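Notes for the one structure printed next.
What you are looking at is a predicted structure, and each value in this text was computed from that prediction instead of being measured. In this chain, residues are counted from 1 in sequence order.
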Amino acid sequence: MSDTELLQTLLQRIEALEAREQALTAASNAYQAIITTLLGNMDKTARDKVISMIDQAHEIAYVRAAQRCNEPQKRKIKQADDVAQRMFMVAQGRASESR
């Protein structure tokens, strides 16, 4: 393969990765909006129970990853937890505004 062909192949791969990233971001935003809306429309007791269960699940997953010394998995769990906490805050804020 010539340098030009390699460059074209690389550019095509970059475009494909960028398109995939955009699709994943859009899907992630949609899921966050759906979950936030659902949580925001639940009664406080049910919402608090769901949030507590999710917090516990993240904690268990994080401890297991730490025990296995799996740093990439720990980072993923931490990132997911950060996103979940933001959704919970928004959902709780929306719920208090509507009541």
**OP:** Please step through side chain to side chain contact (heavy atoms under 4.5 Å, CB included) for the pair Asn70 and Arg64, ending with a clear verdict.
**Re:** CA-CA 9 Å; Asn70 189 337; Arg64 286 182 181 165; over 6 Å; no
Subject >> Distance, nearest 0.5 Å, that separates CD1 of Ile54 from CD of Glu59 >> reply: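 With rounding to 0.5 Å, CD1 (Ile54) is 14.5 Å from CD (Glu59).
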Original post:
CG of Leu17 to CD of Glu15: how many Å apart, nearest 0.5 Å?
Top reply: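 The distance works out to 10.5 Å.
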Just by modelled atom types, is the [Y] backbone N or O under 3.5 Å from a matching donor or acceptor in the [X] side chain?
{"X": "Glu5", "Y": "Ser2", "result": "yes"}
{"X": "Thr36", "Y": "Gln32", "result": "yes"}
{"X": "Thr37", "Y": "Ala33", "result": "yes"}

**OP:** Ignoring hydrogens and angles, state whether a donor on the side chain of Glu21 or Thr25 is under 3.5 Å from an acceptor on the partner side chain.
**Re:**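 No, no side-chain donor-acceptor contact under 3.5 Å.
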Would you indicate whether the side-chain heavy atoms of [Y] and [X] approach each other to under 4.5 Å?
{"X": "Tyr62", "Y": "Asp81", "answer": "no"}
{"X": "Leu38", "Y": "Met42", "answer": "no"}
{"X": "Gln73", "Y": "Arg68", "answer": "no"}

Original post:
Do Met87 and Val50 share a hydrophobic cluster (ILVMFWY, side-chain heavy atoms under 4.5 Å, transitive)?
Top reply: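 Yes.
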Subject >> Minimum heavy-atom distance Gly40-Arg47, with the two atoms named >> reply: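 The pair with the smallest heavy-atom distance is O-NH1, 4.1 Å.
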Subject >> Minimum heavy-atom distance between Ile77 and His58, given as atom pair plus value >> reply: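 In terms of heavy atoms, the two residues are closest at CG2-O, 3.7 Å.
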Original post:
Taking atom CG of Asp3 as the centre, does the number of heavy atoms from other residues, nucleotides or ligands within less than 6.0 Å exceed 12?
Top reply: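 No.
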Original post:
Should the pair Lys44-Asp48 be classified as a salt bridge under the 4.0 Å nitrogen-to-oxygen rule?
Top reply: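 Yes, Lys44 and Asp48 are salt-bridged.
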Original post:
Are any of the side-chain nitrogens in Lys78 or Asp82 under 4.0 Å away from the carboxylate oxygens of its partner?
Top reply: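 Result for this pair is yes, salt bridge flagged.
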Subject >> side chain to side chain contact (heavy atoms under 4.5 Å, CB included) evaluation trace for Lys74 with Glu71 >> reply: CA-CA 5 Å; Lys74 282 172 49 179; Glu71 292 301 318; 3.1 Å; yes
